[in-house]
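Keep in mind that what you see is a predicted model, and the values were worked out from it rather than measured. Remember, it's 1-based here, ligands and their atoms both numbered in the order they're listed.
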Amino acid sequence: MLENKVGMIFGVANKRSIAWACAESCMNQGARLAFTYQGERLRENVEKLTREIDDTLVVPCDVTNQPEVDAAFAAVGEKFGKIDFLIHSIAFAPREALEGEFLTTSREAFLTAMEISAFSLPQLALAALPFMNEGGSIVTMSYYGAEKVVMNYNVMGVAKAALEASTRYLAADLGKHGIRVNAISAGPIQTLSARGVKNMGSLLGYVGEKAPLKRNVKASEVGDTALFLVSDLASGITGETIYVDCGYNIMGI
Ligand code: 0WD
């Protein structure tokens, strides 16, 4: 399905990362991929995970470092000559902002969460534009806390709301270039980032019971939806937020 397509994957921290599930789904369908990692801390993990992959590229890219972002795109452009799709699967907020009341969020935590979790989407889309000369597809990861209050999710919910709005504005800007932009609103999954949210364990239990499918979603299911969105099967879809949450979001009382 993705033969001759080149993708750039942001947000692999380890094998549990949603970005890694997306990468596996896309590679199974023939995509060639470039991976970025945030800082030396994660370099070894990503290099180990990607060691067996033929024809790949692994480059550092911390989104708070613009020269590093530019260098990452230049390296991918040089190796592959183009980018067909981009998976944006990164977010961050200081741990102390992910518990207690939203009311007391510091200016610093608010701005950090917004910069890394929301601004990075238009930032990376702009950097990708010169390389998406045959059109393209951009997919980002959101969460239900963007639209409803989820205890402890706090400033990350506000950042996800900005991310979903950014998805729509980018879709409007980039449609004329044949570039589609969509978000996946994933149900809770036990990953490194998720462990930063207080009481994640009980949230998983609650959601798994209440969701129509009576379970939590798997990272591979999010990966397969990302595959669909970057493939030509989704050629008429842009600006959407698609739920991959075992149906949790449709439930009322
Ligand atoms: O329940 C979940 N796990 C859900 C996650 C439900 C719904 C949405 N999401 C979202 C997250 O908010 C995030 O946007 O999915 C995305 C991926 O999250 P993940 O796979 O759950 O978490 P993880 O494996 O930790 O990947 C996120 C990565 C970072 O990992 P750590 O844990 O080291 O912070 O985002 C990257 C980093 O690799 N990241 C950055 N990348 C570039 N520059 C930066 C940065 N400044 N900061 C974090």
Going by heavy-atom distance to [atom], choose the closest among [options].
atom	options	answer
atom 4 (C) of ligand 1	Thr140, Ile184, Ile18	Ile18
atom 27 (C) of ligand 1	Ser193, Ala21, Ala19, Ala186	Ser193
atom 44 (C) of ligand 1	Arg195, Glu68, Gln38	Gln38
atom 2 (C) of ligand 1	Ile189, Val197, Asp245, Val217	Ile189

Answer side chain, backbone, both or neither: which part of [X] comes under 4.0 Å from ligand 1, heavy atoms only.
X	result
Leu42	side chain
Ile116	side chain
Arg41	side chain
Ser185	neither
Val63	both

Is any side-chain heavy atom of [X] less than 4.5 Å from a side-chain heavy atom of [Y]?
X	Y	answer
Ile9	Ser89	no
Thr241	Glu147	no
Tyr144	Val150	yes
Glu24	Ser220	no

Backbone or side-chain N or O of Ser17 under 3.5 Å from ligand 1 N or O: yes
Quick one: does Tyr143 get an N or O within less than 3.5 Å of an N or O on ligand 1?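 N/O-N/O distance under 3.5 Å: no.
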Test your reading of the model: is there a side-chain donor-acceptor pair from Ser185 to the backbone of Asp245, 3.5 Å cut-off?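 Answer holds: no.
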Heavy-atom contacts with [X] under 4.0 Å: which atoms of ligand 1 show up? List them by number with element.
X	value
Ala13	24 (O), 30 (O)
Lys160	10 (C), 11 (C), 12 (O), 13 (C), 14 (O)
Pro188	1 (O)
Met200	1 (O)
Gly187	1 (O), 6 (C)
Cys61	42 (C), 43 (N)

[atom]: nearest protein contact (heavy atom, Å):
atom	value
atom 10 (C) of ligand 1	Met141 CB, 3.7 Å
atom 7 (C) of ligand 1	Ser142 O, 3.1 Å
atom 19 (P) of ligand 1	Thr191 OG1, 3.4 Å
atom 26 (O) of ligand 1	Gly11 O, 3.4 Å
atom 16 (C) of ligand 1	Ser89 OG, 3.4 Å
atom 13 (C) of ligand 1	Ala91 CB, 3.7 Å
atom 32 (O) of ligand 1	Leu192 CD2, 3.3 Å
atom 46 (N) of ligand 1	Asp62 OD1, 2.9 Å

Any chain of hydrophobic side-chain contacts (each under 4.5 Å) joining [X] to [Y]?
X	Y	result
Tyr243	Val217	no
Met141	Leu33	yes
Phe131	Phe85	no
Val197	Val158	no

Looking just at side-chain N and O atoms, do Gln66 and Asp70 make a donor-acceptor pair shorter than 3.5 Å? yes
Does a side-chain N-to-carboxylate-O contact under 4.0 Å join Lys5 and Asp232? yes
Result for side-chain contact (heavy atoms from CB on, under 4.5 Å) between Phe35 and one of Ile53, Ile87, Leu57, Val59 points to Ile53
Can you name the one residue among Leu86, Asp173, Leu170 that meets side-chain contact (heavy atoms from CB on, under 4.5 Å) with Val181?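 The side-chain contact (heavy atoms from CB on, under 4.5 Å) with Val181 is passed solely by Leu170 among Leu86, Asp173, Leu170.
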side-chain contact (heavy atoms from CB on, under 4.5 Å) between Ile179 and Leu129, intermediate numbers included: CA-CA 9 Å; Ile179 300 172; Leu129 185 57; 3.6 Å; yes
Distance-only criterion, 3.5 Å: show the donor-acceptor pairs between side-chain atoms of residues 108-116 and protein atoms not counting sequence neighbours.
residue, atom, partner, partner atom, Å
Thr112, OG1, Glu108, O, 2.8

